[in-house]
There are 2 protein chains.
Amino acid sequence: MNNSDVARKPRRRSVNREAIEQRILASAEEVFAEQGFSGGSIEAIADRAGLSKQNMLYYFPSKESLYQRVLKDILGIWIEKMALIEQAGDTPAVMIENYIRGKLALSYTRPHGSKVFASEVISGAGHLQGYIENDLLPQLEADVALVNSWIDQGLMDQVEPKHLFFTIWATTQTYADFSAQISLALGKDQLDEDDFVQAGDFLIHVLLKGMGLVP
Amino acid sequence: MNNSDVARKPRRRSVNREAIEQRILASAEEVFAEQGFSGGSIEAIADRAGLSKQNMLYYFPSKESLYQRVLKDILGIWIEKMALIEQAGDTPAVMIENYIRGKLALSYTRPHGSKVFASEVISGAGHLQGYIENDLLPQLEADVALVNSWIDQGLMDQVEPKHLFFTIWATTQTYADFSAQISLALGKDQLDEDDFVQAGDFLIHVLLKGMGLVP
DNA sequence: GTCTATATGGCGATAGAC
DNA sequence: GTCTATCGCCATATAGAC
């Protein structure tokens with residue numbers, strides 16, 4: 001019937017479109033990570049995605065819109081993993097450990113996204129118009145409130161919670177953002193999963209003990 | 001006499017030249033920090049330095065050479081402050097504290113240099129040809145050896161010294177590199193000296209205690 | 001949706017007068 | 001050392017055929 005025809009065709013098309021858009025976004029994340037926003041040309045992105053640049057502009061009408069989309073996607077994943085999740089029976093120490101391991105896992109699986117975000121913040125976050133205030137900061141405030149309640153209950157040392165989160169962000173993201181420097185210091189071509197496990201072990205030992213969450 | 005003439009004139013010229021070069025380098029550090037290497041145009045740098053771009057190219061013959069010079073200068077200051085200096089009577093805790101406060105002071109006084117360096121490493125450090133291996137890593141190895149001697153003497157916990165330095169670098173530089181995000185989180189227009197003091201207090205408490213250098 | 005062709009602008013760098 | 005003028009390249013984006 002006519003009904004099924006008009007319903008099916010657009011659905012097939014949008015599935016293809018979705019796959020191509022994802023390929024473009026993956027390429028864009030890599031190119032913007034390696035060259036920055038200005039340095040990453042849409043031709044380089046299109047090449048890596050296997051399209052002509054003109055064809056790519058059919059899917060993302062401008063470099064700016066593509067970049068915005070890359071930023072929005074990575075920040076979304078970021079915030080999703082940012083909440084200190086209270087599960088039944090979890091102690092503060094376990095929750096902080098999970099948070100650190102979760103952020104390290106993101107640095108391992110999405111290093112290019114981390115780099116794009118870092119470059120953008122370094123340049124002043126001008127393309128992140130309101131995202132930080134509207135999406136990231138509310139989640140930070142919730143996490144800060146939880147840590148403050150731990151402090152009030154005498155479960156840990158009196159430290160400034162915001163600086164704690166700045167520290168966790170910086171130390172976990174550095175293994176993605178500064179991998180060129182860190183892999184040189186470790187004498188490796190690139191960081192592998194084992195390096196991230198060791199980083200996690202170090203960070204959890206020092207931060208949990210340093211906050212007074214473990215003896 | 002002829003002798004004093006030929007000696008004086010070049011000296012005067014080179015003093016002027018030195019001053020102009022410093023003005024250009026300061027502008028370049030700001031522009032590259034805000035726009036990255038590709039995004040920062042030599043015209044923007046020249047404008048901020050009060051020169052025409054053609055005239056600026058008389059002092060630095062190419063954008064590349066100017067960028068290299070900015071990188072080299074900031075890395076030099078970096079390494080100079082990087083050594084764990086043993087002074088008579090200093091305990092390991094005091095030496096680490098000085099190191100952290102010193103790196104934080106650099107983030108406060110040279111935030112643009114820190115950002116240029118960070119952007120460069122994020123993009124793969126392709127313009128840092130050998131600098132990291134030849135200049136930074138030897139100093140790191142010396143510092144690592146000293147920390148290992150502390151561990152051998154039972155003065156602190158058994159942690160991996162390299163990860164300790166990655167952590168100190170990341171946590172101190174983040175207050176320069178990510179100042180856009182951090183100042184938003186702290187609800188301020190920009191970070192002031194007091195914010196850096198608080199960051200230092202937090203880091204010294206958590207890191208010294210976390211390493212077992214203080215109870 | 002994909003292609004060829006092209007408009008348009010910006011930027012790094014050079015030439016040459018003064 | 002500084003200026004005017006300009007070359008040549010590359011990148012974003014658009015027009016229009018198929």
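Note: hydrogens, waters and symmetry copies are ignored here, and every other heavy atom, side chains too, is used. Protein chains get the first letters and strands the later ones, always in sequence-line order, with residue 1 at the start of each.
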Would you kindly give the OH-to-P distance between Tyr59(A) and dA13(D), to the nearest whole Å? 18 Å

What's the CD-C1' distance between Gln54(A) and dC10(D), to the nearest Å? 14 Å

Would you say the side chain of Glu64(A) lies within less than 4.5 Å of the side chain of His127(A), judging by non-hydrogen atoms? yes

Between Tyr58(A) and dT14(D), is there a contact of a side-chain N or O with OP1 or OP2 at under 4.0 Å? no

Look at the side chain of Asn55(A) and decide which nucleotide, out of dA13(C), dG1(D), dG1(C), has an atom nearest to it. dG1(C)

Atom pair distance, as rounded to whole Å: CD in Glu43(A) and P in dT4(C): 13 Å

Select base, sugar-phosphate, or nothing to describe what Phe60(B) touches, counting heavy atoms under 4.0 Å on all strands. nothing

Quickly work out the Leu51(A) CG to dC3(C) C1' distance and round it to whole Å. 12 Å

Is any side-chain nitrogen or oxygen of Ser52(A) closer than 4.0 Å to OP1 or OP2 of dC3(C)? yes

Interatomic distance where OH belongs to Tyr67(A) and P belongs to dT12(D) [whole Å]: 14 Å

Within this structure, what is the NZ-to-P distance between Lys53(B) and dT14(C), rounded to whole angstrom? 12 Å

Have a look at Gly40(B) and say if it touches a base, only the backbone sugar-phosphate, or nothing, with a 4.0 Å heavy-atom cut-off. sugar-phosphate

Interatomic distance, Leu57(A) CG vs dA15(D) P [rounded to whole Å]: 13 Å

Is the shortest heavy-atom distance from the side chain of Val116(B) to the side chain of Leu71(B) under 4.5 Å? yes

How close or far is atom C1' of dA11(D) from atom CD of Glu64(A), stated in whole angstroms? 15 Å

Is any side-chain heavy atom of Val206(A) less than 4.5 Å from a side-chain heavy atom of His163(B)? no

Non-hydrogen side-chain atoms of Thr172(B) and Leu203(B) separated by less than 4.5 Å: yes

